[in-house]
Amino acid sequence: MNKKTVDLILSGRYLLTLDKKDTIVGQGALAINDGVIVARGKTEEIGATYRARQIIAEEHGLIMPGLVNTHTHAAMSCFRGLADDLPLMQWLQEYIFPVEATLSGDMVYSATLLSLCEMIKSGTTSFCDMYLFAADVCRAVEQSGMRAWLGEVLYDFPSPNYGELANGFAYTQELLAQYRNHDLIRITIDPHAVYTCSPELLVRLGNMARDNDLLYHVHLAENSDEVNTCKERYGCSPVQHLEKLGLLDEHVVAAHCVMVTDDEIELMAERGVKVAHCPESNLKLASGVAPVPKLIDQGVTVGIGTDGAASNNDVDMFGEMNTAAKVHKVTSMDPTTMDAVSTLRAGTMGGAAVLGADKVIGSLEVGKKADCIVIDLDQPHLTPLYNPVSHLVYAARGGDVIHSVINGRVVMEDRQLLTLDENAIIRKIQEMALGISKQRNVG
């Protein structure tokens, strides 16, 4: 029998597919070619049918879909620990906005690279980012080989990137033109929030998202201050505000949604709004806990996000899933809430669905893009193993990821990043932090 040649064969102790049947293959393998999964099954069967240019065989490995981070600000890694233990609005207005005013494109590029190192090393293969100097974020992502949805934040006041708002629209159009047909990068439309964007700006960006069939990524109903401000200005809540403006639809990726009512949840489900749940940031800023079980019960698509490293303070999705599962158990006083399967799905297929990419990524199925990671199960904290899914949510850590494949390309092997110079990136940020400390007089 003539074997078919493929680019890569991955094999391990378990192949966790997260398909609709939650198929788990013991001693399983994937055959990958041209960035796509062409076969999956028992290692012996895959080996009998395919030969590979590269083979990664991990005796104690668990192969699973890469994690999908649905809301972050990657470049905020350079502000990690700069301003902690503060309410959201004080944190933003007194610390973050002023220091962001000193940013440059090169600073954002370097800080984004740092987050990409952290994301790859902790199992994230796709992420959705909204920030400043988005062209430089794109530049970093291209270097890393990650899959990303990226956009430039627009708001009413001048930006340290593009200056006056009119320039922001031109900047966004340039991004759209440059990345329209990119394999790994998709541009998003990013109004910051209802309290930093006028109704006219929100609507204009909504039209841009619809006209180009792009995601409309916005912070929404993050805390009580936002809700109160919106009611004072417009006589309604943030969700109701977007509804009155005709903006609630399937393009919307709403980050946080901590302060939403039952009626608003029903409306969001009806309109097809997607939610990025960021529990650790919401806890740290004391914003509250989003009613995710209710959102899911009503049919709202929910993914998990880390938010930025300035308010989390990491971008480790394994830690985020662990927190998501536990916080909803204690707030509902029900240990069955957000079980391990539901939480892991939110971190993979749920995230893919939030980004409109669940037909392409999020599970390991033939024909889908080869975005996958390998976990080393030969660890004290992962022994014994009765239920792989339980371990991934309640026991695994980002540091257990040993290999990462994105779009069929090995970007990390044996914990070594292959697309990024981790040591050089860390040194660069350490130097940058000295300058930021002097500006803020915090060091």
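- No donor-acceptor pair closer than 3.5 Å links the side chain of T124 to the backbone N or O of V68.
- L154 is listed as a side-chain neighbour of F169, based on a closest heavy-atom distance under 4.5 Å.
- At distances below 3.5 Å, at least one donor-acceptor pair connects side-chain atoms of D129 with backbone N or O atoms of A74.
- Under the 4.5 Å side-chain criterion, counting only non-hydrogen atoms from C-beta, S363 is not in contact with T17.
- Taking CE from M76 and OG from S115, the interatomic distance works out to 10.0 Å, rounded to the nearest 0.5 Å.
- Inter-residue side-chain proximity for I187 and H182 is flagged as unmet; no heavy-atom pair is nearer than 4.5 Å.
- Between the side chains of E222 and Y195, not a single donor N or O lies within less than 3.5 Å of an accepting N or O.
- Of the possible polar contacts, none joining the E152 side chain to the M130 backbone as a donor-acceptor pair under 3.5 Å is found.
- Among the candidates E266, E264, E243, E250, the single residue satisfying the salt bridge (charged side-chain N to carboxylate O under 4.0 Å, His left out) test with R271 is E243.
- The line from CG of N407 to CG of D371 is 6.0 Å long, rounded to the nearest 0.5 Å.
- Proximity of V354 to V302: side-chain heavy atoms (C-beta onward) are nowhere separated by under 4.5 Å.
- With respect to the salt-bridge test (charged N to carboxylate O, under 4.0 angstrom), the residues D84 and K284 qualify.
- Judged purely by atom type and a 3.5 angstrom limit, T343 uses its side chain to pair as donor or acceptor with the backbone of M338.
- Looking only at side-chain heavy atoms (C-beta outward), I361 and K368 stay at 4.5 Å or farther from each other.
- Side-chain atoms of I296 and S342, non-hydrogen and from C-beta on, never get closer than 4.5 Å to each other.
- Checked against H217 for a side-chain contact (heavy atoms from CB on, under 4.5 Å), the options H71, H251, H192, K274 give a single hit: H71.
- If you take OH on Y171 and CG on N161, they are separated by 4.0 Å, rounding to the nearest 0.5 Å.
- With respect to the salt-bridge test (charged N to carboxylate O, under 4.0 angstrom), the residues D19 and R40 qualify.
- The backbone N or O of L248 lies less than 3.5 Å from no partner atom in the side chain of Y216, so there is not a single donor-acceptor pair.
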Check against side chain to side chain donor-acceptor pair (under 3.5 Å), Y234 and Q240: CA-CA 10 Å; Y234 308 113; Q240 293 164 345; over 6 Å; no
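- Annotation for D211: atom CG counts as buried by contact number, over 12 foreign heavy atoms lying within 6.0 Å.
- By the 4.5 Å heavy-atom criterion applied to side chains, Y95 and L82 are not counted as neighbours.
- A donor and an acceptor atom, one from each side chain of T306 and N69, are located under 3.5 Å apart.
- In this structure, I402 CD1 and I375 CD1 are separated by 8.0 Å, a value rounded to the nearest 0.5 Å.
- The two residues E320 and S281 have their closest heavy-atom pair at OE2-N, 4.4 Å.
- When all heavy atoms are compared, the tightest approach of I32 to A370 is CG2-CB, 3.5 Å.
- For T301 against G350, the heavy-atom pair with the smallest separation is CG2-O, 3.9 Å.
- When every heavy atom of S122 is checked against every heavy atom of V315, the shortest pair comes out as OG-O, 3.8 Å.
- Comment: R345 does not engage D339 in a salt bridge, judged by the lack of any side-chain N to carboxylate O separation of less than 4.0 angstrom.
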Given the rule in the salt bridge (charged side-chain N to carboxylate O under 4.0 Å, His left out) test, do R139 and D136 qualify, once you have shown the distances and angles that lead to the verdict? CA-CA 5 Å; R139 183 160 59 102; D136 296 285; 2.9 Å; yes
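- Interatomic distance, NZ of K428 versus SG of C78, reported as 11.5 Å (0.5 Å rounding).
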Checking F79 against S311 for the side chain to side chain contact (heavy atoms under 4.5 Å, CB included) test, could you report, in this order, the C-alpha distance in whole Å, the side-chain angles of both residues, the deciding distance, and whether it holds? CA-CA 9 Å; F79 304 142; S311 64; over 6 Å; no
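- Contact detail for S110 and I425: the closest heavy-atom pair is O-CG2, 4.1 Å.
- By the 6.0 Å contact criterion, CZ on R210 is enclosed, its count of non-hydrogen atoms from other residues, nucleotides or ligands being greater than 12.
- Note that CG of N212 and CG of N207 are 10.5 Å apart. Values are rounded to the nearest 0.5 Å.
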Applying side chain to side chain contact (heavy atoms under 4.5 Å, CB included) to C372 and L30, what does each step give before you reach the verdict? CA-CA 10 Å; C372 49; L30 293 176; 4.0 Å; yes
Could you check D190 against T188 for side chain to side chain donor-acceptor pair (under 3.5 Å), going step by step and ending with a plain yes or no? CA-CA 6 Å; D190 296 358; T188 59; 2.9 Å; yes
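- In terms of modelled atom types and a separation under 3.5 Å, the side chain of W91 and the main chain of I96 share no donor-acceptor contact.
- With Y179 as reference, E142 is the one residue of E142, E174, R186 to meet the side chain to side chain donor-acceptor pair (under 3.5 Å) rule.
- Looking at heavy atoms from C-beta onward, L344 lies in side-chain contact with L16 at the 4.5 angstrom threshold.
- Using modelled atom types, no side-chain atom of T229 and backbone atom of E226 make a donor-acceptor pair closer than 3.5 Å.
- Between the side chain of N282 and the main chain of V289, no donor-acceptor pair closer than 3.5 Å is present.
- Scanning both residues, I185 and C138, for their nearest heavy atoms gives CD1-O, 3.7 Å.
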Before you tell me yes or no, could you show the steps for H73 and D307 under side chain to side chain contact (heavy atoms under 4.5 Å, CB included), namely the whole-Å CA-CA distance, both residues' side-chain angles and the distance that decides it to 0.1 Å? CA-CA 6 Å; H73 316 285; D307 213 346; 3.0 Å; yes
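- Under the side-chain contact (heavy atoms from CB on, under 4.5 Å) rule, F127 has a single partner from L355, V141, L67, which is V141.
- Using modelled atom types, no side-chain atom of R147 and backbone atom of T125 make a donor-acceptor pair closer than 3.5 Å.
- Here side chain to side chain donor-acceptor pair (under 3.5 Å) pairs that include residues 387-402, with residues two or more places apart or in two chains, are K329-Y394, H381-D400.
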Given M64 and I373, is the side chain to side chain contact (heavy atoms under 4.5 Å, CB included) satisfied, shown in steps? CA-CA 6 Å; M64 63 172 286; I373 58 176; 3.5 Å; yes
